[in-house]
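Inspection log for the structure reproduced underneath, given as C-alpha coordinates.
Order of listing sets the numbers, starting from 1, for every ligand and every atom in it.
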Amino acid sequence: MKAPIVTDTTLRDGSHAVSHSFTPEYVGTVVSRLAEAKVPVIEVSHGSGLGASTIQQGFSTHSEWLLIEQAVANKKDSKIASLFVPGLGTRPEILKAAEYGVEVLRIAVHCTEADVSLQYFEQAKKSGLDTVGFLMMSHTQPAEVLAKQAKLMESYGADCVYVVDSAGALVPESVRERVARLKDSLSINVGFHAHNNLGLAIGNTVAALEAGADQIDGTLRGLGAGAGNAQTEVLVAVLKKMKIETGINLTVLMDTAEEIVAPIFKYPSVIDRDNLATGYAGVYNSFLLHVREAAEKFKLNPVAIIEELGRRHAVAGQEDWILDVALELQQKELAQKELVK
Ligand SMILES: CC[C@H](O)CC(=O)C(=O)O
Ligand SMILES: [Mn+2]
(Lines give C-alpha, C1' and ligand atoms only; values in the text may rest on other atoms or scores of the structure.)
(Ligands and ions follow the chains in the order given, each with its own letter.)
Protein backbone atom coordinates (compact mmCIF):
# COMPACT_ATOMS: atom_id res chain seq x y z
CA MET A 1 0.00 0.00 0.00
CA LYS A 2 1.41 3.43 -0.88
CA ALA A 3 1.72 6.20 1.69
CA PRO A 4 -1.30 8.53 1.73
CA ILE A 5 -1.09 12.33 1.80
CA VAL A 6 -2.06 13.30 5.35
CA THR A 7 -3.94 16.55 6.02
CA ASP A 8 -4.07 17.70 9.63
CA THR A 9 -7.25 19.69 10.24
CA THR A 10 -6.88 20.40 13.99
CA LEU A 11 -6.90 24.12 13.22
CA ARG A 12 -10.10 23.88 11.11
CA ASP A 13 -12.33 20.97 12.22
CA GLY A 14 -10.97 21.52 15.75
CA SER A 15 -12.22 25.10 15.57
CA HIS A 16 -15.80 23.78 16.03
CA ALA A 17 -14.79 22.13 19.32
CA VAL A 18 -13.42 25.37 20.78
CA SER A 19 -16.25 27.58 19.45
CA HIS A 20 -13.90 29.19 16.90
CA SER A 21 -11.64 30.73 19.54
CA PHE A 22 -8.14 29.89 18.21
CA THR A 23 -5.68 32.78 18.63
CA PRO A 24 -3.05 33.70 16.03
CA GLU A 25 -0.34 32.76 18.54
CA TYR A 26 -1.85 29.29 19.10
CA VAL A 27 -2.15 28.70 15.36
CA GLY A 28 1.50 29.73 14.88
CA THR A 29 2.64 27.26 17.55
CA VAL A 30 0.60 24.30 16.28
CA VAL A 31 1.53 24.92 12.64
CA SER A 32 5.22 25.16 13.47
CA ARG A 33 5.05 21.79 15.33
CA LEU A 34 3.06 20.10 12.53
CA ALA A 35 5.54 21.46 10.00
CA GLU A 36 8.46 20.22 12.11
CA ALA A 37 6.78 16.78 12.09
CA LYS A 38 6.58 17.06 8.29
CA VAL A 39 2.81 16.83 7.97
CA PRO A 40 2.30 17.66 4.28
CA VAL A 41 -0.97 19.63 4.49
CA ILE A 42 -2.28 21.72 7.41
CA GLU A 43 -5.81 23.13 7.25
CA VAL A 44 -6.59 26.47 8.90
CA SER A 45 -9.86 28.46 8.86
CA HIS A 46 -13.15 28.90 10.71
CA GLY A 47 -14.60 25.42 11.33
CA SER A 48 -17.20 26.00 8.62
CA GLY A 49 -14.67 27.49 6.22
CA LEU A 50 -13.54 30.88 4.97
CA GLY A 51 -16.00 33.67 5.65
CA ALA A 52 -18.15 31.53 7.94
CA SER A 53 -17.72 33.65 11.06
CA THR A 54 -21.42 34.58 11.32
CA ILE A 55 -24.25 34.54 13.84
CA GLN A 56 -25.52 31.24 12.41
CA GLN A 57 -22.18 29.40 12.27
CA GLY A 58 -20.67 31.09 15.34
CA PHE A 59 -18.40 34.12 15.36
CA SER A 60 -14.61 33.63 15.49
CA THR A 61 -12.83 35.45 18.28
CA HIS A 62 -9.97 36.36 15.90
CA SER A 63 -10.00 37.18 12.21
CA GLU A 64 -9.18 34.06 10.19
CA TRP A 65 -6.82 36.17 8.09
CA LEU A 66 -4.65 36.73 11.17
CA LEU A 67 -4.75 32.97 11.80
CA ILE A 68 -3.82 32.22 8.19
CA GLU A 69 -1.03 34.81 8.30
CA GLN A 70 0.52 33.01 11.30
CA ALA A 71 0.02 29.63 9.65
CA VAL A 72 1.81 30.70 6.48
CA ALA A 73 4.65 32.28 8.50
CA ASN A 74 5.29 28.99 10.31
CA LYS A 75 4.54 26.38 7.66
CA LYS A 76 8.08 25.53 6.49
CA ASP A 77 7.67 22.86 3.74
CA SER A 78 4.03 22.05 4.54
CA LYS A 79 1.14 23.44 2.49
CA ILE A 80 -1.62 25.48 4.14
CA ALA A 81 -5.15 24.51 3.16
CA SER A 82 -8.45 26.26 3.91
CA LEU A 83 -11.98 24.95 3.79
CA PHE A 84 -14.57 26.77 1.66
CA VAL A 85 -18.34 26.25 1.75
CA PRO A 86 -20.10 27.90 -1.21
CA GLY A 87 -22.49 30.53 0.11
CA LEU A 88 -20.73 30.90 3.46
CA GLY A 89 -17.57 31.83 1.55
CA THR A 90 -17.63 33.87 -1.67
CA ARG A 91 -15.17 34.44 -4.52
CA PRO A 92 -13.35 37.37 -2.86
CA GLU A 93 -12.34 35.02 -0.04
CA ILE A 94 -10.73 32.67 -2.56
CA LEU A 95 -8.72 35.55 -4.05
CA LYS A 96 -7.69 36.72 -0.60
CA ALA A 97 -6.71 33.20 0.52
CA ALA A 98 -4.40 32.85 -2.48
CA GLU A 99 -2.87 36.29 -1.74
CA TYR A 100 -2.24 35.27 1.87
CA GLY A 101 -0.36 32.14 0.77
CA VAL A 102 -3.01 29.42 1.09
CA GLU A 103 -2.09 26.70 -1.42
CA VAL A 104 -4.97 24.22 -1.15
CA LEU A 105 -8.70 25.03 -1.24
CA ARG A 106 -11.05 22.31 0.01
CA ILE A 107 -14.55 23.02 -1.34
CA ALA A 108 -17.25 21.41 0.81
CA VAL A 109 -20.83 20.79 -0.31
CA HIS A 110 -23.64 18.47 0.73
CA CYS A 111 -22.94 15.25 -1.15
CA THR A 112 -25.78 15.71 -3.68
CA GLU A 113 -24.91 19.33 -4.49
CA ALA A 114 -21.64 19.18 -6.40
CA ASP A 115 -23.12 21.42 -9.10
CA VAL A 116 -22.99 24.49 -6.84
CA SER A 117 -19.19 24.19 -6.65
CA LEU A 118 -18.36 24.82 -10.33
CA GLN A 119 -17.57 28.55 -10.18
CA TYR A 120 -15.50 28.11 -7.03
CA PHE A 121 -13.34 25.36 -8.51
CA GLU A 122 -12.85 27.59 -11.56
CA GLN A 123 -11.84 30.56 -9.39
CA ALA A 124 -9.52 28.45 -7.21
CA LYS A 125 -7.77 27.06 -10.29
CA LYS A 126 -7.44 30.57 -11.79
CA SER A 127 -5.87 31.64 -8.48
CA GLY A 128 -3.32 28.81 -8.81
CA LEU A 129 -4.63 26.69 -5.92
CA ASP A 130 -4.69 22.91 -5.55
CA THR A 131 -8.33 21.90 -5.16
CA VAL A 132 -10.15 19.28 -3.17
CA GLY A 133 -13.87 18.47 -3.32
CA PHE A 134 -15.42 17.57 0.03
CA LEU A 135 -18.65 15.52 -0.25
CA MET A 136 -20.20 16.08 3.17
CA MET A 137 -22.67 13.68 4.85
CA SER A 138 -21.53 10.88 2.55
CA HIS A 139 -23.38 8.27 4.65
CA THR A 140 -26.69 9.57 3.26
CA GLN A 141 -26.05 8.46 -0.33
CA PRO A 142 -25.05 5.17 -1.95
CA ALA A 143 -21.66 4.76 -3.62
CA GLU A 144 -23.00 5.28 -7.17
CA VAL A 145 -24.56 8.67 -6.32
CA LEU A 146 -21.34 9.82 -4.64
CA ALA A 147 -19.31 8.69 -7.65
CA LYS A 148 -21.48 10.77 -10.02
CA GLN A 149 -21.11 13.82 -7.78
CA ALA A 150 -17.36 13.27 -7.52
CA LYS A 151 -17.15 12.95 -11.30
CA LEU A 152 -18.78 16.39 -11.63
CA MET A 153 -16.17 17.85 -9.28
CA GLU A 154 -13.43 16.19 -11.32
CA SER A 155 -14.85 17.83 -14.45
CA TYR A 156 -14.80 21.23 -12.63
CA GLY A 157 -11.06 20.89 -11.90
CA ALA A 158 -10.84 19.06 -8.55
CA ASP A 159 -7.44 17.44 -7.92
CA CYS A 160 -8.98 15.14 -5.31
CA VAL A 161 -12.46 14.30 -4.03
CA TYR A 162 -13.13 13.22 -0.45
CA VAL A 163 -15.78 10.93 1.00
CA VAL A 164 -16.62 12.90 4.15
CA ASP A 165 -18.21 11.08 7.06
CA SER A 166 -19.56 14.28 8.65
CA ALA A 167 -21.81 12.43 11.09
CA GLY A 168 -19.40 9.62 11.99
CA ALA A 169 -22.16 7.29 10.80
CA LEU A 170 -20.27 5.01 8.41
CA VAL A 171 -18.92 1.54 9.22
CA PRO A 172 -15.83 0.02 7.52
CA GLU A 173 -17.78 -1.90 4.88
CA SER A 174 -19.70 1.22 3.79
CA VAL A 175 -16.46 3.24 3.68
CA ARG A 176 -14.74 0.59 1.53
CA GLU A 177 -17.67 0.51 -0.89
CA ARG A 178 -17.78 4.30 -1.31
CA VAL A 179 -14.04 4.86 -1.64
CA ALA A 180 -13.63 1.92 -4.05
CA ARG A 181 -16.44 3.25 -6.27
CA LEU A 182 -14.83 6.70 -6.43
CA LYS A 183 -11.46 5.11 -7.20
CA ASP A 184 -13.04 3.17 -10.10
CA SER A 185 -14.79 6.25 -11.49
CA LEU A 186 -12.14 8.97 -11.17
CA SER A 187 -8.65 9.53 -12.45
CA ILE A 188 -7.79 11.99 -9.65
CA ASN A 189 -6.99 11.31 -5.99
CA VAL A 190 -9.66 10.08 -3.59
CA GLY A 191 -9.68 11.05 0.09
CA PHE A 192 -11.47 10.10 3.30
CA HIS A 193 -12.38 12.29 6.32
CA ALA A 194 -13.61 10.51 9.46
CA HIS A 195 -15.52 11.37 12.63
CA ASN A 196 -15.42 9.14 15.69
CA ASN A 197 -19.04 8.89 16.85
CA LEU A 198 -19.10 5.09 16.54
CA GLY A 199 -15.48 4.66 17.69
CA LEU A 200 -14.49 3.88 14.09
CA ALA A 201 -12.54 6.94 12.94
CA ILE A 202 -9.22 5.07 12.77
CA GLY A 203 -10.76 1.76 11.61
CA ASN A 204 -12.75 3.52 8.88
CA THR A 205 -9.66 5.41 7.72
CA VAL A 206 -7.75 2.12 7.47
CA ALA A 207 -10.70 0.68 5.50
CA ALA A 208 -10.50 3.70 3.17
CA LEU A 209 -6.78 3.07 2.63
CA GLU A 210 -7.45 -0.61 1.90
CA ALA A 211 -9.98 0.53 -0.72
CA GLY A 212 -7.32 2.72 -2.34
CA ALA A 213 -7.70 6.16 -0.68
CA ASP A 214 -4.81 8.47 -1.61
CA GLN A 215 -5.46 11.15 1.01
CA ILE A 216 -6.66 11.03 4.62
CA ASP A 217 -7.47 13.55 7.37
CA GLY A 218 -6.77 13.66 11.07
CA THR A 219 -6.66 16.06 14.00
CA LEU A 220 -4.31 16.06 16.96
CA ARG A 221 -5.91 14.28 19.92
CA GLY A 222 -9.00 14.03 17.68
CA LEU A 223 -10.00 17.67 18.38
CA GLY A 224 -12.94 18.27 16.04
CA ALA A 225 -16.66 18.76 15.69
CA GLY A 226 -18.85 16.53 17.90
CA ALA A 227 -17.09 13.24 18.64
CA GLY A 228 -13.95 14.56 16.96
CA ASN A 229 -11.88 13.11 14.13
CA ALA A 230 -9.33 10.35 13.56
CA GLN A 231 -6.33 11.31 15.71
CA THR A 232 -3.45 12.30 13.43
CA GLU A 233 -0.84 10.90 15.82
CA VAL A 234 -2.72 7.57 16.11
CA LEU A 235 -3.10 7.36 12.32
CA VAL A 236 0.64 7.86 11.86
CA ALA A 237 1.39 5.18 14.49
CA VAL A 238 -1.04 2.74 12.83
CA LEU A 239 0.46 3.44 9.39
CA LYS A 240 3.94 2.72 10.80
CA LYS A 241 2.67 -0.61 12.21
CA MET A 242 1.26 -1.35 8.73
CA LYS A 243 4.73 -0.62 7.31
CA ILE A 244 3.47 2.42 5.42
CA GLU A 245 6.09 5.15 5.76
CA THR A 246 4.63 8.66 5.59
CA GLY A 247 7.85 10.43 6.60
CA ILE A 248 5.91 12.09 9.46
CA ASN A 249 7.65 12.30 12.84
CA LEU A 250 5.45 10.46 15.34
CA THR A 251 7.25 11.73 18.45
CA VAL A 252 6.73 15.38 17.55
CA LEU A 253 3.03 14.71 16.86
CA MET A 254 2.55 12.80 20.13
CA ASP A 255 4.18 15.59 22.15
CA THR A 256 2.17 18.31 20.38
CA ALA A 257 -1.11 16.44 20.93
CA GLU A 258 -0.31 15.93 24.61
CA GLU A 259 1.25 19.26 25.53
CA ILE A 260 -0.47 21.77 23.25
CA VAL A 261 -3.80 20.36 22.08
CA ALA A 262 -5.05 18.26 25.05
CA PRO A 263 -5.10 21.28 27.43
CA ILE A 264 -7.55 23.26 25.25
CA PHE A 265 -10.38 20.67 25.21
CA LYS A 266 -13.60 22.19 26.58
CA TYR A 267 -15.12 18.78 27.33
CA PRO A 268 -13.64 15.31 27.80
CA SER A 269 -12.55 13.54 24.65
CA VAL A 270 -14.93 10.55 24.94
CA ILE A 271 -17.84 9.25 22.91
CA ASP A 272 -20.56 10.39 25.28
CA ARG A 273 -24.32 9.83 24.92
CA ASP A 274 -24.90 12.84 22.67
CA ASN A 275 -21.98 11.99 20.34
CA LEU A 276 -23.16 8.41 19.99
CA ALA A 277 -26.73 9.56 19.34
CA THR A 278 -25.41 11.93 16.65
CA GLY A 279 -23.53 9.16 14.82
CA TYR A 280 -26.35 6.66 15.23
CA ALA A 281 -28.95 9.11 13.91
CA GLY A 282 -26.60 10.30 11.14
CA VAL A 283 -26.66 13.95 12.17
CA TYR A 284 -24.01 16.48 11.18
CA ASN A 285 -21.40 16.66 13.99
CA SER A 286 -20.96 20.40 14.14
CA PHE A 287 -24.63 20.76 15.16
CA LEU A 288 -23.82 19.34 18.59
CA LEU A 289 -22.76 22.46 20.49
CA HIS A 290 -25.79 24.33 19.11
CA VAL A 291 -28.03 21.37 20.07
CA ARG A 292 -26.68 21.40 23.63
CA GLU A 293 -27.32 25.14 23.94
CA ALA A 294 -30.89 24.72 22.64
CA ALA A 295 -31.50 21.74 24.97
CA GLU A 296 -30.46 23.82 27.96
CA LYS A 297 -32.53 26.79 26.90
CA PHE A 298 -35.71 24.73 26.27
CA LYS A 299 -35.07 22.23 29.11
CA LEU A 300 -34.94 19.20 26.79
CA ASN A 301 -32.81 16.09 26.46
CA PRO A 302 -30.28 16.82 23.64
CA VAL A 303 -30.86 13.29 22.30
CA ALA A 304 -34.50 14.14 21.52
CA ILE A 305 -33.37 17.09 19.38
CA ILE A 306 -30.65 15.02 17.68
CA GLU A 307 -33.09 12.21 16.83
CA GLU A 308 -35.61 14.65 15.37
CA LEU A 309 -32.91 16.34 13.24
CA GLY A 310 -31.97 12.86 11.99
CA ARG A 311 -35.61 12.13 11.06
CA ARG A 312 -35.74 15.44 9.14
CA HIS A 313 -32.45 14.73 7.31
CA ALA A 314 -30.96 18.10 8.27
CA VAL A 315 -27.82 18.99 6.34
CA ALA A 316 -24.90 21.36 6.95
CA GLY A 317 -26.13 24.97 6.77
CA GLN A 318 -29.47 24.15 8.38
CA GLU A 319 -28.33 25.09 11.88
CA ASP A 320 -31.42 27.31 12.19
CA TRP A 321 -33.56 24.14 12.27
CA ILE A 322 -32.13 23.30 15.69
CA LEU A 323 -34.08 26.06 17.43
CA ASP A 324 -37.25 25.24 15.46
CA VAL A 325 -37.01 21.59 16.46
CA ALA A 326 -36.31 22.45 20.11
CA LEU A 327 -39.26 24.83 20.24
CA GLU A 328 -41.61 22.26 18.67
CA LEU A 329 -40.45 19.51 21.04
CA GLN A 330 -40.94 21.78 24.03
CA GLN A 331 -44.45 22.71 22.88
CA LYS A 332 -45.30 19.01 22.42
CA GLU A 333 -44.03 18.22 25.92
CA LEU A 334 -46.07 21.08 27.42
CA ALA A 335 -49.19 19.97 25.52
CA GLN A 336 -48.76 16.40 26.82
CA LYS A 337 -48.41 17.67 30.39
CA GLU A 338 -51.62 19.64 29.98
CA LEU A 339 -53.42 16.48 28.76
CA VAL A 340 -52.23 14.49 31.79
CA LYS A 341 -53.62 17.18 34.13
C1 LIG B 1 -18.79 22.77 6.69
C2 LIG B 1 -17.80 22.37 7.67
C3 LIG B 1 -17.75 20.91 8.07
O4 LIG B 1 -17.35 20.88 9.41
C5 LIG B 1 -16.90 20.08 7.13
C6 LIG B 1 -16.48 18.81 7.78
O7 LIG B 1 -15.39 18.70 8.32
C8 LIG B 1 -17.40 17.67 7.82
O9 LIG B 1 -18.48 17.71 7.18
O10 LIG B 1 -17.08 16.70 8.52
MN1 LIG C 1 -15.31 17.12 9.81
So for atom [atom1], which belongs to [X], do other residues, nucleotides or ligands contribute more than 12 heavy atoms lying within a distance under 6.0 Å?
X: Lys38; atom1: NZ; result: no
X: Glu25; atom1: CD; result: no
X: Lys2; atom1: NZ; result: yes
X: Lys76; atom1: NZ; result: yes

Option from Asn275, Asp13, Asn204 for which side chain to side chain donor-acceptor pair (under 3.5 Å) with His195 holds: Asp13

- request: Taking the six-membered ring for Trp and the full ring for Phe, Tyr or His, determine whether the centres of His193 and Phe134 are under 6.0 Å apart.
  value: yes

query: Strictly under 6.0 Å, is that where the ring centroids of Phe192 and Tyr162 end up?
result: no

field: Distance criterion under 2.8 Å: protein N/O/S atoms around the Mn ion (ligand 2)
entry: 3

query: Do the rings of Phe121 and Tyr156 sit parallel, tilted or perpendicular, given the 30° and 60° boundaries?
result: tilted

- prompt: Does the side chain of Pro4 come within less than 4.5 Å of Leu209's, by heavy atoms?
  reply: yes

Show the distances, to 0.1 Å, for all pairs joining an N/O atom of ligand 1 and a protein N/O atom that are shorter than 3.5 Å, listing one pair per line.
from     : atom 1 : to     : atom 2 : distance (Å)
ligand 1 : 4 (O)  : Arg12  : NH1    : 3.2
ligand 1 : 4 (O)  : His16  : NE2    : 2.9
ligand 1 : 4 (O)  : Tyr284 : OH     : 3.4
ligand 1 : 7 (O)  : Arg12  : NH1    : 3.2
ligand 1 : 7 (O)  : Arg12  : NH2    : 2.8
ligand 1 : 7 (O)  : Asp13  : OD2    : 3.0
ligand 1 : 7 (O)  : His193 : NE2    : 3.2
ligand 1 : 9 (O)  : Ser166 : OG     : 2.7
ligand 1 : 10 (O) : His193 : NE2    : 3.3
ligand 1 : 10 (O) : His195 : NE2    : 3.2

